[in-house]
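Scroll down for the structure; my scribbles are underneath it.
Residue numbering restarts at 1 for every chain, and letters A, B, ... go by the order of the sequence lines. As the structure is a computational prediction, the values presented were derived from the model and not from experiment.
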Amino acid sequence: MTSEEIIKKIKTDQGESIESSEVNLGDSVIFLGKEAAYSVLEYLKRDPDLDFDYLSHISGADYLNEDREPRFEVVYELHSIDKNHSIRIRVGLDEEDPTVPTVSDLWKGALYPERELFDMFGFNIEGHPNLSRLIMPEEWEGNPLRKDYPLTLEDVTFSYNREFKQDLVKSKPPTR
Amino acid sequence: MTVTDQGLLEREKDSMTLNMGPQHPSTHGVFRVVLEMDGELVDSAEPHIGFLHTGIEKTSEAKRYVHVIPMTDRLDYLSPPGNNLAFCLTVEKLLQTDVPARANYLRIIMCELARMASHLVWLATHALDIGAMTVFLYCWREREMILDLNEEISGVRMMTSYIRLGGVAQDSTPGWLQSVRKFIEYFPAKIDEYERLLTRNPIWLDRTQSVGVMSREEAINWSMSGPVLRASGVSWDLRKQRPYSGYENFKFEVPIGKNGDIYDRYLVRVAELRESREIVKQALEKLPKGPYKVDDNKISLPNRKTLKSSMEALIHHFKLVSEGVSVPKGETYVPVEGPRGEVGFYIISDGSNVPSRVKLRAPSFMAIPGMCRMMEGCFIADVVGIIGSIDIVMGEVDR
Amino acid sequence: MAFGESVMQEYFFISLVAVFALVLVGALLALSTILGPRNPSPQKLIPYECGVVPKEEAKGRYPVRFATVAMLFIIFDIEVVFMYPWAVSLGQLKLFGLIEMLVFILILGVAYVYIWGRGGLEWD
Amino acid sequence: MGLIDQAYDLVETEVNNVKENVKDVLDQAEYDFSGAVYDSILTTKVGKVIGWAQKNALWPATFGLACCAIEMMAMANSRWDAARFGAEVFRASPRQADLMIVSGRVSQKMAPVLKTIFDQMPEPKWVISMGACASCGGIFNNYAIVQGVDRVVPVDVYVPGCPPGPEALLYGIIKLQEKIMNEAGTKQAAKRVA
C-alpha cells in the first residue's frame, strides 16, 4: 500500500486519536498524543492488512531550540515484512513528565532502544521490565543527549576557531 | 546461608556466575555478558554495553554536515562506506537532489567491496573463535587486497570517507578499475577455498548446526536484521525491498536460510560474498561515463580548474568550504542494507548547516537482546559461536 | 640383548635423561624465583575477571556432572596409556600380545557401550 | 643593620641549599639499595642481555577496543606479520603479557577496566597507545572519551594515525624495542621493575 492509502486507512479506523498526519518526502508520518500511543501502535501491529510486525528503531529527539510546544519527541519507525511498507510515528512528550508506555510486549526488539531513551534523554518508560542505565556508567549524572547537556569540549591546546568552541564548553565533569 | 526447617543448610543458588568481561578475546570488541551457569549450560545471559560509547550522536550535533561524514566512518568500522552511504542518502533526500549515475555505480562498488571485507573479518574471527585457525589467516589475505583497493582510490585503508554529499570524493582512475577487475576474477576461487575448509567439516558442522536457533517469528519480533534475519527464512533485503542508489538495475539473488541456526548464517554470509562479487562485476561492466558528483555547486565543490576562470565557482567554493551545506528544515530516515543489516540515519535538520539530531539505527544494537535470549540453554562453548554468528560491532552498538 | 648391552645400561640412559630434565626444570624455576622481580600490589593480586573487579568469592562447589565426566576420562585415558608399552614391545609378544590387547579393548568396549547407552556422555 | 639582615638571608639560603642537597643524596642512596637482588647483581652487560631478551619477546595483551583493533589484527596476520619482531603471540590474560597495545578509543566506562588490566600485568610492562583516540582523544573531544590514555596508564610509545596502518604500528613496536635496549642495564630499567 502506498503512503497515502496507509494514512487514509489509519484515519478512518483511528481518526480521533491521530493528532495529524502527513506524507513527508514519500514516507507516511503520523503524530500521536502520549495517551493514544499504545492503542494505535497495537492497532498497527494487529491489523491484518497493515501488519507492521517489524520495529526498525525507536529514537528520541529534543526540540529545545525550536521552541515547539512538546519539547521532547519519541519516534517509532515500523516496517511490514510481508507488505513491504513502512510508517513513522512521532509521539510528542512535554518537559515536566516525559513518560511513554512501553511497546516491548508488542515488539521484543524495543527493550534496548527504550532503555537507551531512559539513559540518554531521561524519558520514563512505563511498564519496562528493567529500566536502568544502559550505555552510560551507572553513577553518571545527567542525560547526555538533551540539548541543555553541554558537549563538555576540553580546551584544545592548539585550536584556530577557539570562539566557536567556547560556547559549547559550559561545565566539565571530572575526568575519572 | 539460611537453615531450612529440617535443620539442613539451605542450598544457596547453585548456579555459578561467569563474567565474559569487556576484555575478552572472543567477544568481538568490548562487550560484556554475565552468564548464570548451571554446570556447562547457560541459565541466563545478561549483557552490559557502553564500554565503547563515543558520544558520536552528541558530537555530530555540534559539527557541520560535511564534518559528520568522517565520524560515520568510525561507527561501524568494518564497513565504513556503508555508513557513509546511509548518511549521504538521508541528507540528499532532505536536500531533494539526485546523484549522477556514475556516482551511484561507484558508490555501489565501494559498498559491495566493504561488504566483502566485512564478511571476511566476520568469517576470520568467527572461525577462529570456534577453533579454525587457518581460515583466520586465509580471510585476511583477501581482505588486505580489498584494503589495497580502498587505499588506491581514496588514500586510506579502512576509513575511506569516499562517499560524500552529492556523489563521491574523486573519480575512479582506469588503473583502479583494472585492479578491481583483477580482484574480481581472483576472488571466487578463494571463496571455494574457505568452503572446502569449513562447509563439510565435521567439527564445524557439530559446533554450528542447530545451535543458537531463531525461528522466523522470533527473528522479526526481536528486530534482527541482515544475514541473521535472512538465515531464519525471512526474505528481507533492503537492496531488493527498497532499491536505493541504482540497485534496481542489478541482477543478484538474496540467499535465504531455512532453520536459522549458526550454520545457516554461515551459509547465507558466504553466499552473500559471492553475490557481492557478482554485483561488482556487473557494476564494472555497466559503469557509465559522466560526472562523478552532482554539479549543483550548493552541495558539491566545483571543479578545481573552474576556480581559476569563473568567479561564481570561486564564491560557491568559498561558501561551501567555510559554511557548508544548509539543509532545509525537516526529518527523514533512509534505511540501507549494510553487511550486518539495516543501517540508517534518522536526521532532524533545523534549516541551519548543523544537524539538530543524528540517530544511527544500528543493526548490532538491535540484535543484542535477541542474541542473549539465544544464549539461554546452550553450552558455554556455544556462547562464543553465537556472538560470532551475530557479527556484532561494538562501534555501532555503543555509538 | 640387542648390541650386547646389559639391562642396567639401558636404564642408565633413561635415568640420564630423567636427571637432565629434573636439573633443567629445577634450574629454571630456581633462577626465576631468585632473580625475578617481585612487588605484589593489592590491585595486582585481585583475581583476573576480564578487567572487572569480581564481586563474589570464587565458588568451591561444582556440579557433580564434572566429576563423572572426569572419571570417564580417566578410565579411557589409562586404557590408552597401557597401549604404549604394548605397541613398543609387540615385536616380541607376537600373536599372544595381539589377542591379549584385543580382549582388553573388548572389555573396555563393553564399558563404553554401557556408558553410551545410559547417556553418561550427554551433559544431563 | 642592613648588613646583618643580608648576612642572615645569605646564611638561610645557604642552609636551604645544603638541606636540598642532603635530601637528594638520601633519596639517591635510598633508591640505590631498595632494588631486589635483581638490582644488586645488575651490571650494564647483564642488563643489556636481559633487555635484549625482553625486547625480542614482547607479548601483547589483546586490548582491542575499536577500529585500531582491526588494524592490530592485520598487523598480527601474514602480510604485515608481527612475528618477525617477536610480538606475534597475543595473550588474552594480562598475567602472561608484558606489552599492552591500547588500540582504540577509551570511554569513561572503560577507563577503570583499562586501569585494572594494566595493574594486573606483571612488571616489566610497557604500553603502546595506538591511534589518535588513545593518544589524545582523537576527533572525539566530548564527554564520553578519556582525552588520552596517559591520564590512566603511563604510556611508552604513541603511534599516530586514525587508524594507524599496520606498518605504523610495527614501527611503533620497533621504536619500543629501541627504547627497551637504551634503558636496559640502567636505573630506569630497575625502576621499571621495582
Side-chain angles (χ1 to χ4, degrees), chain B residues 21-30 32 48-63 67-68 70-71 73-78 80 117-118 120-121 124-125 128 134 136-145 147-148 151 156-159 161 393-396 398-399, chain D residues 60-71 73-81 83 88 90-94 97 100 102-118 120-121 131-133 137-146 161-168:
Chain B
Q23 196 255 353
H24 190 277
S26 67
T27 50
H28 292 249
V30 279
R32 177 181 173 211
H48 293 258
I49 59 175
F51 289 98
L52 196 61
H53 176 57
T54 334
I56 289 182
E57 291 177 354
K58 180 77 180 179
T59 317
S60 51
E61 281 165 19
K63 292 226 184 273
H67 297 170
V68 176
M71 276 202 291
D73 278 315
R74 270 96 190 157
L75 279 168
D76 173 1
Y77 41 76
L78 285 180
S118 162
L120 285 174
V121 172
T125 44
L128 183 67
T134 40
F136 181 76
L137 298 170
Y138 281 14
C139 291
W140 231 277
R141 180 187 56 196
E142 272 65 55
R143 180 181 155 83
E144 285 295 332
M145 294 177 188
L147 293 183
D148 285 351
E151 196 166 6
V156 188
R157 276 167 58 91
M158 278 170 63
M159 309 290 172
S161 302
V393 169
M394 293 315 288
E396 67 174 1
D398 300 338
R399 286 180 299 279
Chain D
T62 45
F63 206 82
L65 298 163
C67 355
C68 289
I70 311 291
E71 290 293 65
M73 280 199 253
M75 170 201 82
N77 257 301
S78 43
R79 179 174 183 195
W80 304 98
D81 204 355
E88 181 222 355
F90 272 78
R91 303 309 299 166
S93 104
M100 173 199 256
V102 183
S103 58
R105 40 197 191 237
V106 182
S107 71
Q108 300 285 0
K109 198 172 181 182
M110 193 62 185
V113 175
L114 180 80
K115 187 75 178 101
T116 318
I117 294 285
F118 179 73
Q120 287 177 344
M121 284 165 71
C133 299
I139 58 175
F140 305 113
N141 182 356
N142 55 21
Y143 62 95
I145 290 294
V146 172
C162 181
E167 71 283 356

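Taking the six-membered ring for Trp and the full ring otherwise, the centers of D:Tyr143 and B:His53 sit less than 6.0 Å from each other.
Remark: the backbone N or O of B:Arg141 is not paired with any side-chain donor or acceptor of D:Asn77 at under 3.5 angstrom. Checked by atom type and distance alone, the side chain of D:Ser107 never pairs as donor or acceptor with a backbone atom of B:Thr54 at under 3.5 Å. Distance alone, capped at 3.5 Å, places no donor-acceptor pair between the B:Gln23 side chain and the D:Leu65 backbone.
D:Arg79 contributes atom CZ, which lies 4.0 Å from atom CG of B:Asp148 (distance to the nearest 0.5 angstrom). Here the SG atom belonging to D:Cys67 is positioned 6.0 Å from the CE atom belonging to B:Met158, to the nearest 0.5 angstrom. The CD1 atom of D:Ile70 sits 5.5 Å away from the CH2 atom of B:Trp140 when rounded to the nearest 0.5 Å. Here the CD1 atom belonging to D:Ile139 is positioned 7.0 Å from the CD1 atom belonging to B:Ile56, to the nearest 0.5 angstrom.
Using a 4.5 Å cut-off between heavy atoms, D:Cys162 touches chain B through backbone and side chain atoms alike. When heavy atoms are compared at a cutoff of 4.5 Å, D:Arg105 approaches chain B by way of both its backbone and its side chain. Neither the backbone nor the side chain of D:Ala69 comes within less than 4.5 Å of any heavy atom of chain B. For a residue to count as touching a neighbouring chain, one of its non-hydrogen atoms must lie under 4.5 Å from one of that chain's; by this rule B:Met394 does not touch chain D. Of the atoms belonging to B:Leu128, not a single heavy atom falls under 4.5 Å from chain D.
Taking B:Gly395, B:Pro70, B:Gly50 one by one and counting their heavy-atom pairs under 4.5 Å with chain D, the maximum is reached by B:Gly50. With chain D as the partner, the residue from B:Arg143, B:Met159, B:Glu151, B:Arg74 showing the most heavy-atom pairs under 4.5 Å is B:Arg74. In terms of heavy-atom pairs under 4.5 Å with chain D, the best-connected choice from B:Val30, B:Asp398, B:Leu147 is B:Val30.
Counting heavy atoms from C-beta on, the side chains of D:Pro166 and B:Arg157 come closer than 4.5 Å. A 4.5 Å side-chain heavy-atom check between B:Thr125 and D:Met73 finds at least one atom pair inside the cut-off.
For the side-chain contact (heavy atoms from CB on, under 4.5 Å) test, residues two or more places apart in sequence or in another chain that qualify with B:Ser26 are B:Met20, B:His24, B:Asp129, B:Val384.
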